[in-house]
Amino acid sequence: MRSVWIPFRSSSRPRRPPPRTVAFWWIFAAATIENAAFAGSSTILPEDLTTRFGSQGWVIGAIAASGPLATLVVQPWAGAFADRRGHRTTGIVGGCAAVLGALLMLAGGSQWLVPLSRVLMGSGGAALNTAATAWVVAFTPRGRQGRALSIYGLSVWIGMALGPVVCSSAYQNGGSLGLWLCVASLAALSLLCYHLCFRVAPREPKLPASDGQGASRLSWVSLLSAIARPGGAAAAAWAAEAVVMTYTIVHLTGHGMAPAGVWGASSVFPIFAVSVIVSRIGLARAVDRHRPAVLACASLATVACGCLLLGSAASFAVAAVAMTVLGFGFASLYPTLTMLAAEALPPHSRGAGLGLFQAATSLGTAVGQFGGGVSGGLFGTTSAYVGAGALQAVGVMLLLVRPGPTGRRYPERPVDGVTGA
């Protein structure tokens, strides 16, 4: 029987896996900067559209939503492209699209060019991030994926924290021209970091059409069935995150808290971010030592408790405790659910399957934002948090369902040059 993959060099000396390689940190930097560019431009976009074009109301909403909608559509196709053309090509094409989208805002004299710019930035960033996630999974042996994904997932939070600060400063000092020059520069820097990753990473091997164990490329229906359990749980978790990120200030100010200031509603978000980052670093090794399904169920239950506590918060102290609980709950969800999705996918279709999994998180975000708004308008903002908590119970039930024939674990094949030769 022909062996395609073995875990170590011929000298039996293990090579350094991510995140101990230079290549990992280049791809981490690329994802962080890309997230910063998109998050930063999104926060300033409504003000810029109003100032430049006099856009108002539904026009601003539709333009802002075009980027996330493009992300939802592109992620599965980007993963499938990575399976066939490689992680490097997919990320480079996506990075170029993101740079072009930012440059369109510099040349655009009409607000109708802005949706095209947002689509290019959203789809380009989605392609780069999907290819980067698939690369981290493929180049990390099972038993160490939890730590690698835990650290890699911090790129989203760091990007979301730094992007609005950097882009807001650029807009205040340089107006619209300064803002989009800054965004284009960030997108170009992300593309450069992604390119540098593959200058020091080993060449990706070409996988045969089948591995002799039934792990050939799967159809989209089979892929959707394979990732349905972790994908559904991820959609529930990201819906709760969307409710927390979108409606917390409105909810807390409606209960008598000031919107800003040291003890204001906005001050609970740094507590949330610190809780996520510290908890994720602290739990990184635990993710590899325990069953990911068990940890994911515990995390979803913790998120549900945090949502209910935040929904009843009427003071800064209670809100701070709720945000700490939520940060602890969200900390291990990304690595554990991604590992569960990857385990059910053959190597030849892993990129496409992970793209579908990430699309599930985008769908959850959209559901949380829309459903939270509708629920809050009809029954008050507390109902949005109750609904978000109830969704976590649905996620737990999905993970407790025993996987079917497509829910098998495929044997691990570490890639030459990072985890073995």
Side-chain angles (χ1 to χ4, degrees), residues 4-5 18 21 23-24 26-31 34-35 70-99 120-140 145 148-149 152-153 155-156 190-191 193-211 215-220 222-224 226-227 230-231 334 338-339 341-362 410 412-419:
V4 180
W5 310 90
T21 60
F24 175 86
W26 277 125
I27 214 165
F28 177 88
E34 172 56 39
N35 285 311
T71 296
L72 176 64
V73 173
V74 165
Q75 283 167 327
W77 297 103
F81 191 81
D83 289 330
R84 289 162 173 77
R85 299 295 182 180
H87 307 103
R88 179 182 182 275
T89 302
T90 305
I92 294 295
V93 171
C96 290
V99 173
L120 285 171
M121 288 187 64
S123 59
L128 188 148
N129 281 302
T130 300
T133 303
W135 183 90
V136 172
V137 171
F139 277 65
T140 310
Q145 287 180 348
L149 287 169
Y152 173 76
S155 62
V156 176
S190 171
L191 177 60
C193 291
Y194 197 86
H195 169 70
L196 291 175
C197 165
F198 291 90
R199 291 293 299 271
V200 296
R203 181 177 298 178
E204 298 178 52
K206 292 184 180 297
L207 294 175
S210 174
D211 65 354
S216 58
R217 287 193 176 93
L218 300 181
S219 67
W220 286 109
S222 298
L223 286 173
L224 187 60
I227 63 97
Y334 174 78
T338 304
M339 290 166 64
E343 286 175 355
L345 298 166
H348 308 77
S349 299
R350 190 163 286 165
L354 289 175
L356 277 173
F357 171 78
Q358 292 191 330
T361 66
S362 299
Y410 287 90
E412 189 65 24
R413 300 162 189 76
V415 176
D416 175 33
V418 174
T419 60

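Please read all numbers here as calculations on a predicted model, not as lab measurements.
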Value for CD1 (Ile27) from SG (Cys197), rounded to nearest 0.5 Å, stands at 4.0 Å
Practice problem: Please examine the side chains of Tyr194 and His87, heavy atoms only from C-beta on, and report whether any two atoms are closer than 4.5 Å. | Solution: yes
* Asked: Do the side chain of Ser190 and the main chain of Ala30 share a donor and acceptor less than 3.5 angstrom apart?
  -> yes
Over 60° means perpendicular and under 30° means parallel, so tell me whether Trp135 and Phe198 are parallel, tilted or perpendicular.
perpendicular
Scanning both residues in full, the closest heavy-atom pair of Thr90 with Ala127 reads CG2-O, 4.0 Å
- request: Return yes if some donor-acceptor pair links the side-chain N/O of Ser349 with the main-chain N/O of Pro346 below 3.5 Å, else return no.
  value: no
message = Any donor-acceptor pair under 3.5 Å linking the side-chain atoms of Thr130 with those of Gln75?
response = no
Nearest heavy-atom contact between Leu72 and Ala359 is CD1-O, 3.1 Å
Output for pair (Trp26 CH2, Arg199 CZ), nearest 0.5 Å, gives 11.0 Å
Looking at Tyr152, is its backbone amide N or carbonyl O close enough to the side chain of Ser155 to form a donor-acceptor pair, meaning the two atoms are under 3.5 Å apart?
yes
When Leu354, Thr338, Leu356 are each screened for side-chain contact (heavy atoms from CB on, under 4.5 Å) with Ile227, the one that passes is Leu356
The reported gap from OG1 in Thr71 to CE in Met121 (rounded to nearest 0.5 angstrom) is 10.0 Å
Heavy-atom nearest pair, Ala98 first then Glu34, reads CB-OE1, 3.9 Å
On a heavy-atom basis, the closest approach of Ala148 and Phe24 is O-CZ, 3.7 Å
On a heavy-atom basis, the closest approach of Gly95 and Leu128 is CA-CD1, 4.0 Å
Got Tyr334 and Val156 here, is their nearest side-chain heavy-atom distance under 4.5 Å?
no
Value for CD (Gln358) from CG (Asn129), rounded to nearest 0.5 Å, stands at 7.0 Å
Between the CG atom in Leu120 and the SG atom in Cys96, the distance rounded to the nearest 0.5 Å is 11.5 Å
Tightest non-hydrogen contact, residues Leu345 and Ala226, listed as CD2-CB, 4.1 Å
